[in-house]
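Each remark here refers to the structure printed beneath this line.
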Amino acid sequence: MSTEKRAVDSAEAPLLGSREGSTSLIPPTDRTDQFSGLPLPEAVILREQVQTPEVKTSFFSAYRYATTKDRFLVVLAVFLAATEGSIKAIMPIMFGVFAQNFTAYISSRDFYEYYGGISNFIKYNETFYNTTTYNTTDYDSKLYFESPYHDSTYNYTMVPEYVSPEDFQRQASYDAIYFIYFAIAEFVTAYLFTFIFIDRGEILAARIRQNYLASIMKQNMAYFDKLGTGEITTRISSDTMMIQDGISEKLGYLISFSSTFVCSFIVSYSLSPRLAGLLSCVAVFIVGSFFFASNRMTSLYRQALNGSSAGGSVIEEVLSSIRNVQAFGIQDRLSSRYDFYLGVSQKFALRAGFYAGSITGIAWLGLYLDDAMAFWQGPMFLIRGELSILALVTILASMIQGLFAITSITPHVRAVAAATSAVNKIYTTIDRASAIDPSSKGGRSLSKVEGHIELQDVKFVYPSRPDVIVMQDFNLQIKAGTTVALVGASGSGKSTIVGLIERFYKPVRGKVFFDGVDIEDLNVKWLRQQIALVSQEPILFAGTVFDNVAYGLIGTPYENASDIEKRALVEEACRQANAMVFIDTLPKGLDTHVGERGFLLSGGQKQRVAIARAVVSNPKILLLDEATSALDTKSEGIVQDALDKASKNRTTIVIAHRLSTVKDADMIVVMKSGVVLEKGSHEELIAKRGEYYSLVMAQNVEQEVEERLEDAQVVEGVEADSVEEMLDEKAALDAYERERQFEEEGGSSSDDEKETTRLLLSRTKTARSISSVIASNIVDPEEKKYSVVDIAKFLYDLSLPERNINLVALMFTIIMAAGYPYLSTVYSGSVDALGELPDEDRMNSRLLKYNITYLIMGAIELICPIMAVGLFSYSGQRLVRRIRMRTLRQIVRQDISFFDRPENTAGSLTSAISKDSGAIEGLSGATLGQIISSLIMIFGGIGVALGVALKLAAVTSPCVPLLLSAGFYRFYLLAKHQERVKLAYGRSSSYACEAASSIKTVASLTREDNVIATYASSLDSLYHAGRRQNSSSAALYGTAQALVYLIQSLMFWYGSTLVRTNGYSVFMFFVSVISIVNGSQNGSIVFSYALDMARAYDAAGNIKRLFEKEPLIDSWSDEGIVPEDVQGNIEFKNVHFRYPTRLQVPVLRGLDLSVKKGQYVALVGASGCGKSTTIGLIERFYNPLSGQVLLDGEDISSLNINAYRSHIALVQQEPTLYSGTVRENVKYGSLDPNISDEKMIEVCKQANIHDFIMSLPDGYETMCGAKGSLFSGGQKQRIAIARALIRDPKILLLDEATSALDNESEKVVQTALDNAAKGRTTIAIAHRLSTIQKADIIYVFENGRILESGTHQELLANKMKYYELVKLQALEKN
């Protein structure tokens, strides 16, 4: 609601701390060794399946996958970067040469101008001294004299060498040409090293991503029980991007600056070892501090990464169950869990920021200490004749150059430090030895496969729950070619047997044999290729129906067959699985995309595709883990027929709760708590009247239905059903096909004619054409584009809560940056003071003043960077944390249709939150401080130069915008490139996340190599698409660097002209050169952050676009009527609906349905007929295209969405739990987060889960694992039912609420649900008709409409569709 929105947007909103009702801010702590209480051999087996030992890595580990070519290119790039840095270090020598020439000429000019020129001086000298010792043609002669000039300026009585203006100008022009040579060298080296580093960085990062995914694909299943897929997404997107940053151009900048630093000291030592040695003491102090702070930064960033990665798993959990989150209105409570991990990350990143600032501050302090020491000791060397002014000036310039390089190195060190931390995290997974490795070539492969399976004295414990024994001394033999059914209560160990046969887990004791061979001796991949698995919850992959079925051919002789052969096999498999019936109705048939995890298909449709995928390879062993649980009765019968045929001549293991599907099995094994209670054929077990008989009784449909079936004709029962099923599903797209054919025939018609024809057709067609016309007018809005000004304003508005912090940080940054232009005046004055010799007192007096200034500025420049970078890091971390929280909240606020879009998968959204906020974080802290500082240096230097030397600055300063333009254009190109990269990386990250979250399906299909190859292909295409852009970016960087030298060339050439013609002094020239040339050179560092700026610009655009996206159904809105005294009457009036992502497919076609207060209403019908859609419309996940959904006579679209949903509880077909305790998961259903434990226990008893929870060692504090992975399907479903009941809703929606339960639990839970339904409206979707016999009214759906309705008895009497459904589900008489 809006109050929540205001709380988040408010500047005063707390960033950390418990939100009301959140009970999950404190993460669970692992025990030191959870296996310590087990026997040693068992502990070893369990430990190896879950433990991930730490690995020792260094920065150079990032180059593990480099080829010889890569290494050569990287070494070449290092050499080029070092060369580029050394060019900068040589520049002070040129500076010294110019300083010498300028000083010599200006001294000569001022001296001889005093006498009116060289000729007058000679005459004056001969007349005054009456001497001829001075030779007018020998300018090297020195003459001692007394003159008025001596009194005013010069104490040194040696006559300066005469330098003619022409000679001076000629020499200056000649020297200026060297700058052009340096510019060319700078461009070549800067371009090449930048491009090579970016290029190789992308390639090596791609290889790391591939190897990380490959390592994930080979891990054993226990590894995933504790690892969330969100963490995998974060690692493969955010962490690998950090590595790429650290080994790309930023590494080149780091080497370049380091080279400048080292070479500057080499130059200094070559000129004066003694003075350089003194100054090196400061350098040692700086380098020592630098490495200490860098190590601390690396450690702190590693800890910060832990928090953000763990938070990624929370996001993925929330987004992958968004319907459940919105239905229960728990967006804020789950977001607060994410905020906890953000707080952990922020704490460590803040401390790292202050360490980054201390590096810069110490370097600045060192720079000023060097100046002070040089001008304190340097004059002594001058007086003793051990040093020339030229050498002193060059040494000082070199020190400034070198130490300034160190001050600019901090953000790049941060990138390398972050990369080193990320390398460790990534390689910890890559180097983990899987306990069961499907990629291993070891193990036997049998030449002939029979299919005999035996479990011998097996004891099994899940590594994630070592306190719970699942199997104890379990024995079972399954003969080759037989069908064995496993039945029993949830948690009895049925699915565990499937996991053991597939080698997903290891037994802690005992053996599993395959054709007499211990499966641990068999090759894992070969073993799995002999087995086909259909799981309880069908998993499909993003791609076409054909692709998904063809995955079943991996590892068979047909894996690399032609498309024609594959298509024939796929079509046959789909026919066997009764899937072609609905596939033929899809717009592109087998080539129709199914969406991420198959979300564009109904549950039954997904299951049939999964069955087709299993049978297409004609496997020797078929494992069916609730293979027909998601099918309606009619489809189940036909698919079961196909499965029965597929089971012949192969070993088949069937796990089923619906006993009607297993009565023909050769052997039925009844299990309870990991023990076999009884086994035998259906008839034998019925005769025993034991546990199996009781289970059958619980599932029997009424006896009277059985009697009616006796006279039914077999032909009618099979053939009619098949034909009718086909008509049911094909009718769904008849209108669409007719419209499409018409458009193809009349393709030349205008748009108006087509629309008119559609409207005319609607008169002869059914009412579904109404939705067709409406859908045709729906157009997706174009993606907004934002200017730099828009983004800057957006970021400014976002950072308003930190405005005061940023202003203080900005103040410190301005003081820090302004120190450099001011330094130019102090430095120039110091050089000028050296000219006072041999008047030592006057020289020392002036230098003392300047040295005190250096020390004061050093203290200021020590404090300012620490405060500036530290405060910017603090505000940046707060900003990023708020952005991440607001982004998550904004995402979970969106309509469900937003999540249906293929680009908005849970994986890509998780990646986007991490990557986009990370890009903005990369522009804050040390980076932001450096950028602002650089800009102040550039423009502050121009201002000082204009004030001291107007003409020189007026000509040269306009060249600086050329420098800025090159940098800005590079930023523009990179921003465009980032826009293209975002989409590609989002898809690849989503693909990796999808594969990781479906790891059991991937493993059973042995699809690991296929997943890795597809992922590698997507990365390869991304690399080739961006190579030209990278080259352009590097060229612009080289251009910007070369422009610095061209500006220097212009300045020295034009400056020499002004000195010759306008009488400029050394002081004026030095101030201009240092302010503009060195200022622009150092300030141009801002463009080494062009990639960061481009990423931040792109990321801010994404975030702004999301923040501006207003959902049609807005959970933040206060608008709408708040329903009071809700009765629970629900009515559908002529509702037409199509899913926004599939507007061409009609789902509901004029649905009319009425549910009275307190009624128990059941919805039944074929898969895909619109039952679940009806539930979605009641929850108002979507708005109908036309028609109304009413609550107590009010259109629900006029009601406040939060108030409306507060009266509804939903239990979905596939149960959703969240990482955290059982207590937290149950209480998520309550409107009151602080609801009492007594109420929680009461509803858990109703849901038949309390006793099980109390049997666990930690009771209600038991951790559920990621997505509830530590519980079986039935256990998860019962917890989900308890969560719904604790809400005490007026309307209870049950979407296959008992589908995952065994018969024993189902009966108890159904009774509880029947009791819970009293006094409230209940709408249940059910395939098991025995669960809805007592419903007040049953609606039978067909093609998006109600075909018939009535009570169970009334519908049986009608002998229409419902009668047929019941008939197919009945068991034989007992």
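Please read these numbers as outputs of a predicted model, since none were measured by experiment. Count residues from 1 along the sequence.
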Between [X] and [Y], is any side-chain donor less than 3.5 angstrom from a side-chain acceptor?
{"X": "Y462", "Y": "T496", "value": "yes"}
{"X": "Q219", "Y": "S215", "value": "yes"}
{"X": "D625", "Y": "S495", "value": "yes"}
{"X": "E1008", "Y": "S439", "value": "no"}
{"X": "Y558", "Y": "N618", "value": "no"}
{"X": "R528", "Y": "T1006", "value": "no"}

If you define the side chain from C-beta out and look only at heavy atoms, does anything of [X] sit under 4.5 Å from [Y]?
{"X": "T1216", "Y": "E317", "answer": "no"}
{"X": "V498", "Y": "K1000", "answer": "no"}
{"X": "M667", "Y": "Q477", "answer": "no"}
{"X": "L553", "Y": "V616", "answer": "yes"}
{"X": "I621", "Y": "F514", "answer": "yes"}
{"X": "M217", "Y": "V1011", "answer": "yes"}
{"X": "D457", "Y": "K511", "answer": "no"}
{"X": "F1271", "Y": "I1249", "answer": "no"}

Report task. Examine Y505 together with F460 and report whether their ring centres are nearer than 6.0 Å. Result -> yes
Requested in this report: Look only at the side chain of R432 and the backbone of Q51, and say whether a donor-acceptor pair between them is shorter than 3.5 Å.
Outcome: yes
Query raised in the report: How long is the gap from CD1 on I497 to CD1 on I655, to the nearest 0.5 Å?
Result: 7.0 Å
Query - Whether over 12 other heavy atoms sit under 6.0 Å from K525 NZ - result: yes
Query raised in the report: Around F504, counting heavy atoms of other residues, nucleotides and ligands shown, do more than 12 lie under 6.0 Å from its CZ?
Result: yes
**Report entry** K459, R509, Q456 screened by side chain to side chain donor-acceptor pair (under 3.5 Å) with D473, the one that passes
**Finding:** R509
Query raised in the report: Taking only residues two or more places apart in sequence, or in another chain, which ones meet P507 in a side-chain contact (heavy atoms from CB on, under 4.5 Å)?
Result: V458, L500, E520
Report task. List in chain and number order the residues that pass salt bridge (charged side-chain N to carboxylate O under 4.0 Å, His left out) with R444, two or more places apart in sequence or in another chain; answer none if no residue qualifies. Result -> none
